[in-house]
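To keep things clear, I will list the structure first and then write my remarks on it.
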Amino acid sequence: MNQENSTAQILVIEDEPDIQELLEYNLKRAGYTVLLASDGQSGLSLAQKHIPDLILLDLMLPEIDGFSICKTLREQAKTRHIPVIIITAKSEESDTIHGLDLGADDYVVKPFKTQELLARIKAHLRRYELYRSAATKPSSFNQENYNFGPLTLDRQKHIIFLNKQPLILTLSEFKLLAALITSPGQVFSRLELISHIADKNVHLVERNIDVHILAIRKKLGEHAHIIQTIRGVGYKCNDLAF
């Protein structure tokens, strides 16, 4: 396997020794620096101290469960932007939705395929790096950008700006918001929106769309009204918002 040349630091919060060892081995082989925690409290402390580039988070943990850790990370300014991938044996739809609702960026069910997990990690790290780069190097906002009210879609950088400040969005959130703002007034059903973010390796249900939209609205803050709910159908970008 070709090693990925990366200096990214990944925190693994996992209490099962075999899985922790498997993750550590494959992450280091891929070129990542790895931090390990076997319980929720030490994992949260490591996240707050080191501010890793990405966190792999189990849900069933001693002391503090993964849901509580994710909630705390998203409430604190210095950790709220860290990509979090939940890795768990809990595969119920309600657990998936709850994890996403608390701000997790992705959800992988055990047993997982190592190469698929590494691909997801790479994708999330790429988006996180784009966000950090955009935060320090503002977009030129040229003619190729798409503007809607306070939002600017920079197609080249694959980033959406709110009042010229980059929004940190998961890939699914980015795709959803981009689809809505570039078709103002068009009503999308939840199934149509699923098609915009579909991944052959991930099973999505209509409720997942509601969770993603809720997360996007939180990030839009006072501009949350840009996304309008159409009862019994789905969502649209409110073309009368401005």
Side-chain angles (χ1 to χ4, degrees), residues 8-15 34-88 90 92-108 120-121 123-136 150-151 159-174 176-177 197 207-227 229:
Q9 185 180 72
I10 296 178
L11 170 60
V12 177
I13 310 177
E14 168 63 63
D15 67 328
V34 182
L35 296 172
L36 298 174
S38 299
D39 63 79
Q41 183 58 62
S42 59
L44 184 57
S45 297
L46 283 173
Q48 294 166 332
K49 178 180 178 181
H50 294 278
I51 315 298
D53 298 290
L54 184 140
I55 297 173
L56 297 180
L57 176 64
D58 188 20
L59 288 182
M60 304 296 289
L61 292 165
E63 298 189 28
I64 304 176
D65 65 61
F67 288 131
S68 299
I69 291 173
C70 191
K71 183 174 184 294
T72 300
L73 291 172
R74 291 304 182 238
E75 289 174 345
Q76 298 179 350
K78 65 181 181 178
T79 59
R80 67 168 53 120
H81 298 315
I82 300 174
V84 175
I85 300 178
I86 289 177
I87 300 180
T88 182
K90 299 183 72 174
E92 289 84 358
E93 179 186 324
S94 59
D95 294 317
T96 305
I97 291 170
H98 189 40
L100 294 172
D101 196 21
L102 288 173
D105 297 277
D106 209 342
Y107 200 103
V108 177
R120 293 190 186 206
I121 289 170
H124 285 292
L125 286 172
R126 186 184 303 118
R127 289 200 57 76
Y128 189 37
E129 182 57 35
L130 282 172
Y131 164 78
R132 290 190 291 196
S133 175
T136 57
L151 296 175
I159 288 177
I160 296 176
F161 293 80
L162 174 61
N163 293 324
K164 298 191 176 182
Q165 295 299 313
L167 284 171
I168 183 162
L169 302 166
T170 67
L171 181 57
S172 294
E173 291 167 2
F174 172 84
L176 286 175
L177 186 54
I197 63 174
R207 174 62 178 145
N208 290 125
I209 296 298
D210 297 332
V211 172
H212 287 311
I213 293 294
L214 176 62
I216 293 170
R217 282 173 168 159
K218 288 180 179 178
K219 294 174 182 180
L220 291 175
E222 63 178 312
H223 300 290
H225 62 281
I226 287 174
I227 301 177
T229 302

Beyond-backbone contact of [X] with [Y], side-chain heavy atoms, under 4.5 angstrom:
X      : Y      : answer
Leu177 : Ile227 : yes
Thr229 : Arg217 : yes
Leu56  : Ile121 : yes
Leu220 : Leu151 : yes

Whether [X] side chain and [Y] backbone form a donor-acceptor pair below 3.5 Å:
X     : Y     : answer
Asp53 : Gln9  : yes
Asp58 : Leu61 : no
Asp15 : Asp39 : no

If you look at every heavy atom in [X] and [Y], which pair is closest and at what distance?
X      : Y      : result
Ala37  : Ser42  : CB-OG, 3.7 Å
Glu75  : Arg80  : O-NH2, 3.5 Å
Ile159 : Phe174 : N-CE1, 3.7 Å
Leu11  : Leu36  : CD1-N, 4.4 Å
Gly66  : Leu57  : O-CD2, 3.4 Å

How long is the straight-line distance from [atom2] of [Y] back to [atom1] of [X], given to the nearest 0.5 Å?
X      : Y      : atom1 : atom2 : result
Leu46  : Ile51  : CG    : CD1   : 11.0 Å
Ile226 : Ile216 : CD1   : CD1   : 11.0 Å
Thr79  : Leu73  : OG1   : CG    : 4.5 Å

Practice prompt. Apply salt bridge (charged side-chain N to carboxylate O under 4.0 Å, His left out) to Glu63 and list each qualifying residue two or more places apart in sequence or on a separate chain.
Written response: none
Worksheet item: Quick one: side-chain hydrogen bond (donor to acceptor under 3.5 Å, both in side chains) partners of Gln48, sequence neighbours excluded?
Response: Gln76
